[in-house]
Structure formats: structure tokens, C-alpha cells
Amino acid sequence: MKLNSKIAGLGYYVPERIVSNQDLEKVMETTDEWIQERTGIQNRRYGKPHEETTTTMAAKAATIAIERAGIDKEAIDFIIFATLSPDYFFPGCGVLLQRELKITHKEAAALDIRNQCSGFLYGLSIADQFIKTGQYKNILLVGAEMHSMGLDFTTRGRNVTVIFGDGAGAAIIQPTEEEGGILTTHLHSDGSHAEELAFINPGCHGGYHLGKERFGYPEQEYGGIFLTEKMWKEEDIYPNMNGQLVFKTAVTKFPEVIQEALDKTGLKSTDISLLVPHQANLRISQFVQKKLGLSDDQVWNNIQKYGNTTAASVPIALTEAWEAGKVKKGDLVCLAAFGSGFTWGSALIRWI
Ligand code: UT7
């Protein structure tokens with residue numbers, strides 16, 4: 001009997017603290033008008049520093065997803081964790097989540113994914129393959145971010161900082177013999193623009209890609225420098241983004257990768273019951289909606305409330321849509337994402 005894979009439970013968590021555009025106006029030169037006009041964002045959530053982390057938020061989302069799937073946490077045999085804001089450089093958040101959830105059985109394994117905004121799509125595709133081969137039976141897939149710990153809250157960082165928010169989303173992926181579930185997944189990358197949306201320092205690059213002078217690496221026999229004085233003094237320690245290039249590429253790649261999934265399954269954009277796009281920018285989602293000829297009712301957007309939560313954005317939006325009764329048995333749900341790397345992907349799910 002052919003095994004299909006399905007999403008058996010969903011959950012999300014966003015921190016309590018709401019940070020409005022007006023709050024950001026107080027710490028940097030920006031305006032509510034600029035942010036809303038360019039991105040659609042009104043508020044975002046920030047976790048409690050020192051109390052909440054990417055892992056603790058993921059644990060809250062995962063606990064809900066596990067409960068909704070009707071399984072015991074000890075049934076989870078594989079954890080896939082997508083984030084660009086991990087608690088530690090290493091080990092990854094997957095094992096920290098395993099510890100946080102107290103999953104103690106000996107068969108468990110954990111994998112971290114570093115694919116930024118498309119991390120959840122990459123994770124879903126990996127989970128789908130492992131389920132279909134019969135290797136795992138209860139995969140916990142999470143996307144979570146604690147961006148607020150690593151943003152530049154001065155005017156210099158405003159083009160990045162105003163966009164991002166914290167949160168976590170989780171899904172349990174299980175095998176099923178029913179027809180449907182995850183129909184297809186499509187993944188892509190193009191490393192030629194790696195630095196156009198990136199968090200470069202500190203790192204182990206030693207100046208290789210961009211020139212060691214930029215980072216102030218001294219001549220020496222052994223590397224041994226993770227963070228140079230120049231990086232620190234010049235505050236070259238925050239994410240950077242070429243917003244216009246990201247925007248232009250995103251509006252091409254989103255429709256392309258969705259069309260690829262439709263072509264593979266012989267479906268049309270009008271067959272899509274609900275599109276849940278990565279919440280990069282409301283203008284990007286609106287462009288994609290128009291290109292595919294979808295109505296407002298066929299696209300789920302929540303960036304207005306949460307900002308861009310990177311790897312968490314698709315599972316948070318999907319969970320919200322499911323909770324609102326917008327994802328029902330038989331529906332064709334399309335997920336799509338684009339982001340840093342550049343990496344992008346799509347999935348089509350016949351909900352069961
Ligand atoms: O998941 C993928 C993540 N990233 C994205 O999806 C981002 C895609 N890109 C975008 O959403 C847009 O490019 C942004 C919203 C980031 C920026 O919008 P833009 O229309 O591309 O603006 P820009 O970067 O070209 O900047 C226009 C002006 C500049 O001032 P000058 O040089 O014209 O005087 C910026 O300094 O807006 C200024 N600016 C701001 N002003 C007020 C940049 N950020 C801000 C800000 N508040 N927060």
C-alpha cells in the first residue's frame with residue numbers, strides 16, 4: 001500500500017508583547033506611514049529577552065500541535081527545526097527542543113535547517129520524503145524565530161528591523177493510506193545573491209567571500225577570530241538586506257514555483273482553495289495573488305499583526321487559517337516561500 005503524508009496537527013505561539021510601528025518611531029527614524037505603505041505591517045511581537053528563546057517559543061507551538069495530532073510527545077521520532085535565529089551557533093535548536101519537550105526515548109533524532117524564509121517548506125519536503133519511505137511515523141516540524149535579539153534598533157538598521165517579528169509554528173507530519181495529503185513539494189536555491197539578505201558576522205568566513213579588509217582581519221598563521229574589533233566597533237554585526245533586489249526576485253519566484261507545483265499535479269491556480277504565502281511583505285503577497293488570479297478569500301495574510309517571522313511565518317499563518325475554519329478536508333492548500341539564500345519553494349496539500 002502506498003504511503004502518503006499528511007499534516008495531523010498544527011500549533012503556533014507568538015509572544016505577548018506587541019510592538020507597534022509607533023513604538024519603533026520612538027527609537028529610530030521611521031514612520032507608521034512608511035512601514036504600512038511599503039510592507040502592510042502594523043505590529044509585530046517580541047519575545048521576553050532572557051526568558052523566551054527560539055526554542056522555548058517552538059516548544060509552546062509544538063505542544064499544541066502534538067495535542068491536536070492526538071499523540072504522546074514520546075511518539076515523535078524525528079524533529080526538524082527551521083530557524084535563522086538559533087539559541088546557539090551550535091548545537092542546533094532541534095536538540096534543545098527535544099530537551100525542552102522532554103522527549104527521552106532512544107530512537108529520536110533531530111535535524112536543523114538553515115534555509116531562512118523557506119525553511120518550513122524545505123522541512124516539509126524532507127518530512128514528506130521520510131514519511132513516504134516509511135522511515136518515520138511522527139515528525140515534528142517547526143519554524144521559529146527570536147529575531148528581536150539580533151536586530152539593529154538604530155536608524156541604520158531600519159530597513160530590516162521594522163519588518164521582522166518573533167514567533168513559532170509547528171506541524172506534526174504522519175503517514176496515511178488515504179488519498180491526498182502532501183501532493184508535491186518543490187525546492188530551489190540560487191547562491192549568487194547570498195550576501196544580499198544575510199547575517200554575516202560573527203562567523204567563520206575569515207573574510208573569504210567579501211575581502212578580509214572589510215572585516216579587519218589581521219595577517220596571522222591561524223584564524224582564531226570569530227569577531228574582529230573592526231566588526232564590533234563598526235557594528236557590522238547585524239543583518240543586512242538589499243530590499244529592492246529581494247522584492248523583485250520574490251515577485252518572480254513565488255508565482256513560478258507555485259506554477260511548477262500546479263503543472264506537476266495537473267491542477268490550475270483556480271483549483272487552489274487557500275494560498276498561504278510566506279509573510280515577507282503584504283505587497284509581495286498581493287502581487288502573487290493578482291498574478292495567480294486569486295480572490296482575497298483565497299489568500300491568508302497576517303503580516304499586519306506579526307511582521308515577517310521568517311521560518312515561522314508559513315506555519316503560523318497555516319495554523320491561524322486552520323483555526324479560522326479556512327482549511328477543511330478536501331481543500332487544496334498551497335504553501336510557498338522565498339527568502340535569503342536565495343532559496344524558495346512550494347507545496348500543494350490536499351487536506352485530509
Ligand atoms: O522574507 C524575505 C524578506 N525580505 C523581504 O521580503 C523584503 C523585500 N523588500 C521590501 O519589502 C522592500 O524593499 C522594503 C520594504 C524593505 C523597502 O522598501 P523600498 O521601497 O524598496 O525602499 P528602499 O530600500 O528603496 O528605501 C527607500 C527609502 C530610502 O531613503 P532614500 O535613500 O530614498 O532617502 C531608505 O533609507 O526609504 C528609506 N527607508 C526608510 N524610511 C523610513 C528604509 N527603511 C525605512 C524605514 N522607515 N523603516
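Starting from 1, each residue takes its place in the sequence as its number. Read the numbers this way: they start at 1 and go in the same order the structure lists the ligands and their atoms.
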**Message:** What I want to check is whether the side chains of Thr309 and His147 have a donor and an acceptor closer together than 3.5 Å.
**Reply:** no
**Message:** Within the 3.5 Å criterion, strictly below it, is a donor on Lys2 or Asn4 matched to an acceptor on the partner's side chain?
**Reply:** yes
**Residues Glu52 and Lys48 bridged, charged N to O under 4.0 Å** = no
**Request:** Just jot down the side-chain contact (heavy atoms from CB on, under 4.5 Å) partners of Arg214, sequence neighbours excluded, or say none.
**Result:** Leu210, Asp236
**Request:** Test the Lys212-Tyr217 pair against the cation-pi criterion, namely NZ or CZ under 6.0 angstrom from the six-membered ring centroid and within 45° of the ring axis.
**Result:** no
For ligand 1, output the ligand-protein N/O contacts shorter than 3.5 angstrom; if there are none, return none.
| from | atom 1 | to | atom 2 | distance (Å) |
| --- | --- | --- | --- | --- |
| ligand 1 | 1 (O) | His278 | NE2 | 2.9 |
| ligand 1 | 1 (O) | Asn308 | ND2 | 3.1 |
| ligand 1 | 9 (N) | Gly243 | O | 3.0 |
| ligand 1 | 11 (O) | Asn281 | ND2 | 2.6 |
| ligand 1 | 13 (O) | Gly243 | O | 3.2 |
| ligand 1 | 20 (O) | Arg38 | NH1 | 2.6 |
| ligand 1 | 22 (O) | Arg38 | NH1 | 3.3 |
| ligand 1 | 25 (O) | Gln244 | NE2 | 2.6 |
| ligand 1 | 36 (O) | Arg158 | NH2 | 3.0 |
| ligand 1 | 37 (O) | Trp34 | NE1 | 3.2 |
| ligand 1 | 41 (N) | Trp34 | NE1 | 3.4 |
| ligand 1 | 47 (N) | Thr30 | OG1 | 2.6 |
| ligand 1 | 48 (N) | Thr30 | OG1 | 3.1 |
| ligand 1 | 48 (N) | Arg158 | O | 3.3 |

**Item:** Donor-acceptor under 3.5 Å (Ser148 side chain, Tyr46 main chain)
**Value:** no
